[in-house]
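By convention here, the first residue in the shown sequence is residue 1.
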Amino acid sequence: MTAWSYSSIKTFDQCPKKYYHLKVAKDVKDDPGEAAHYGTMVHEAAELFVKDGTPIPEKFAYMRPTVDRLAAIEGDKHTELKLGLRKEGDQFIPCDFFDKQVWYRGIVDLVVVNGEKAFMVDYKTGKNARYADTKQLDLMAGALFAKFPDLQKIKSALAYVVSNEFIPKDHYRDKMHQYLSVFSEQLERLEGAQLSGVWNPKSGPLCSFCPVVDCENWRPRRRSKWRGHLMT
C-alpha cells in the first residue's frame, strides 16, 4: 500500500476522488493559500527559537509565552523530527522517512526526550481549538515509541499558539499498537480503492474549495456579502 500520513488519510476520508487526483494521478495541485503559508512561517519561527534561540519576530509576539515554556523543558530537543514506519505483519518497525518500504510518515514539530519520558507538541495556528483532533497525536506518539525503545510515557499536546490553548493527552507504551490503528477503518477503505481503482466522490461543505473542478460535486465559492464591506 502507498505510504500515508495524517493529512493524506484525512484527505481520503474527506473525499476519495480528491485523494486520487492529488495523490495518485497527481493531475491537480492544491493551492495551500495564505493561511498555510502563515502557518509555515509560525512553525519556522518556533523551530528556530527552540533550536538555537533565534528571537521570535515581532509579528509573532503572541506566541512567545508558549514557546518560552516549551524551550524551558529539560531533555534532548528534536525539532521537525521526521518519522517513518514500516509495517511487517503486526509489527511496526522504525525506518527512514523516504524508505522504499515506508508505511507511515509523520513529522513532529517538537519532542523533548528525557529518559523514559518525553514531551511532544504539534503547533496549530487556528483561531481556537474547536476542531482539535488528537488522533494526530496518537499517530506521532506511536511512531515515537517505535523510534525510542526506552520511552514509556509521552505527554503530548496540540498547541494553539494564537489562542494560547493546549489540548493535552498522555500516551503510554503499552498502547502503541492502539495509537497506530486509529485510522484502520479508513486505511482498509483506502486499500480497497487502490485495488479496485474506484474512487467515489463525496459531497461536503468544502467542495467549493476543492481543486478537482471537473467533479460533479464541485461548485464555485460564494463571495461573502460582508467581505466587500469589511475591506472598505
Evaluate the criterion side-chain contact (heavy atoms from CB on, under 4.5 Å) for residue pair Val42 and Met63; output intermediate values, then yes/no.
CA-CA 9 Å; Val42 167; Met63 66 186 288; 3.9 Å; yes

Minimum heavy-atom distance [X]-[Y], with the two atoms named:
X: Cys15; Y: Pro201; value: SG-CA, 3.8 Å
X: Leu22; Y: Pro211; value: CD2-CG, 4.2 Å
X: Asp150; Y: Arg173; value: N-NH2, 4.2 Å
X: Val161; Y: Thr66; value: CG1-CG2, 4.2 Å
X: Val113; Y: Ala118; value: CA-CB, 4.1 Å
X: Pro65; Y: Ala61; value: CD-O, 4.0 Å

Is the ring pair His171/Tyr179 parallel, tilted or perpendicular, if the boundaries are 30 and 60 degrees?
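Geometry flag for Tyr179 against His171: perpendicular rings.
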
Is the [X]-[Y] ring centre distance short of 6.0 angstrom?
X: His78; Y: Phe148; result: yes
X: Phe92; Y: Trp103; result: yes
X: Phe60; Y: Tyr38; result: yes

Worked verdict on Asp68 versus Phe49 for side-chain contact (heavy atoms from CB on, under 4.5 Å)
CA-CA 9 Å; Asp68 279 340; Phe49 177 79; 3.1 Å; yes

Would you kindly confirm whether [X] and [Y] end up in one hydrophobic cluster when ILVMFWY residues are joined by side chain heavy atoms under 4.5 Å apart?
X: Val111; Y: Met140; answer: yes
X: Phe145; Y: Leu85; answer: yes
X: Phe12; Y: Val198; answer: no
X: Ile73; Y: Val121; answer: yes
X: Leu81; Y: Leu158; answer: yes

Is the shortest distance from a Lys or Arg side-chain nitrogen in [X] or [Y] to a carboxylate oxygen in the other one below 4.0 Å?
X: Asp31; Y: Lys29; value: no
X: Lys169; Y: Asp138; value: yes
X: Glu58; Y: Arg64; value: yes
X: Lys82; Y: Glu80; value: no

Centre of Phe97's six-membered ring, under 6.0 Å away, within 45 degrees of the axis: is that where NZ or CZ of Arg105 sits?
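Flagged: Arg105 positioned over aromatic ring of Phe97.
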
Tell me whether the NZ or CZ atom of Lys135 lies within the 45° cone about the ring axis of Phe183 and under 6.0 Å from its centre.
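Geometry flag: set, cation within 6.0 Å and 45°.
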
Would you call [X] and [Y] a side-chain contact if the rule is heavy atoms closer than 4.5 Å?
X: Phe166; Y: Arg69; result: yes
X: Thr11; Y: Lys18; result: yes
X: Lys124; Y: Tyr131; result: no
X: Tyr160; Y: Asn128; result: no
X: Val102; Y: Asp96; result: no
X: Leu151; Y: Glu116; result: no
X: Ile56; Y: Val67; result: yes
X: Tyr6; Y: Asp133; result: yes

Spacing of [X] atom [atom1] and [Y] atom [atom2] [to the nearest 0.5 Å]:
X: Glu47; Y: Thr79; atom1: CD; atom2: OG1; value: 4.0 Å
X: Leu144; Y: Met176; atom1: CG; atom2: CE; value: 11.0 Å
X: Trp218; Y: Lys17; atom1: CH2; atom2: NZ; value: 14.0 Å
X: His43; Y: Leu48; atom1: NE2; atom2: CG; value: 12.5 Å
X: Ile154; Y: Leu137; atom1: CD1; atom2: CG; value: 10.0 Å
X: Phe119; Y: Leu110; atom1: CZ; atom2: CG; value: 7.5 Å

Kindly determine whether Cys95 and Gln101 satisfy side-chain contact (heavy atoms from CB on, under 4.5 Å), including the steps that lead there.
CA-CA 8 Å; Cys95 66; Gln101 301 300 318; over 6 Å; no

I'd like to know whether [atom1] of [X] has more than 12 heavy-atom contacts from other residues, nucleotides or ligands below 6.0 angstrom.
X: Lys147; atom1: NZ; value: no
X: Gln186; atom1: CD; value: yes
X: Glu88; atom1: CD; value: yes

Checking [X] side chain against [Y] main chain: does a donor-acceptor pair fall under 3.5 Å?
X: Asp170; Y: Lys155; result: no
X: Ser8; Y: Trp4; result: no
X: Lys202; Y: Asp13; result: yes

Show the numbers, then the answer: is there a side-chain contact (heavy atoms from CB on, under 4.5 Å) between Ile9 and Leu190?
CA-CA 8 Å; Ile9 200 65; Leu190 173 58; 4.0 Å; yes

Worked verdict on Asn164 versus Tyr62 for side chain to side chain donor-acceptor pair (under 3.5 Å):
CA-CA 8 Å; Asn164 198 26; Tyr62 60 82; over 6 Å; no

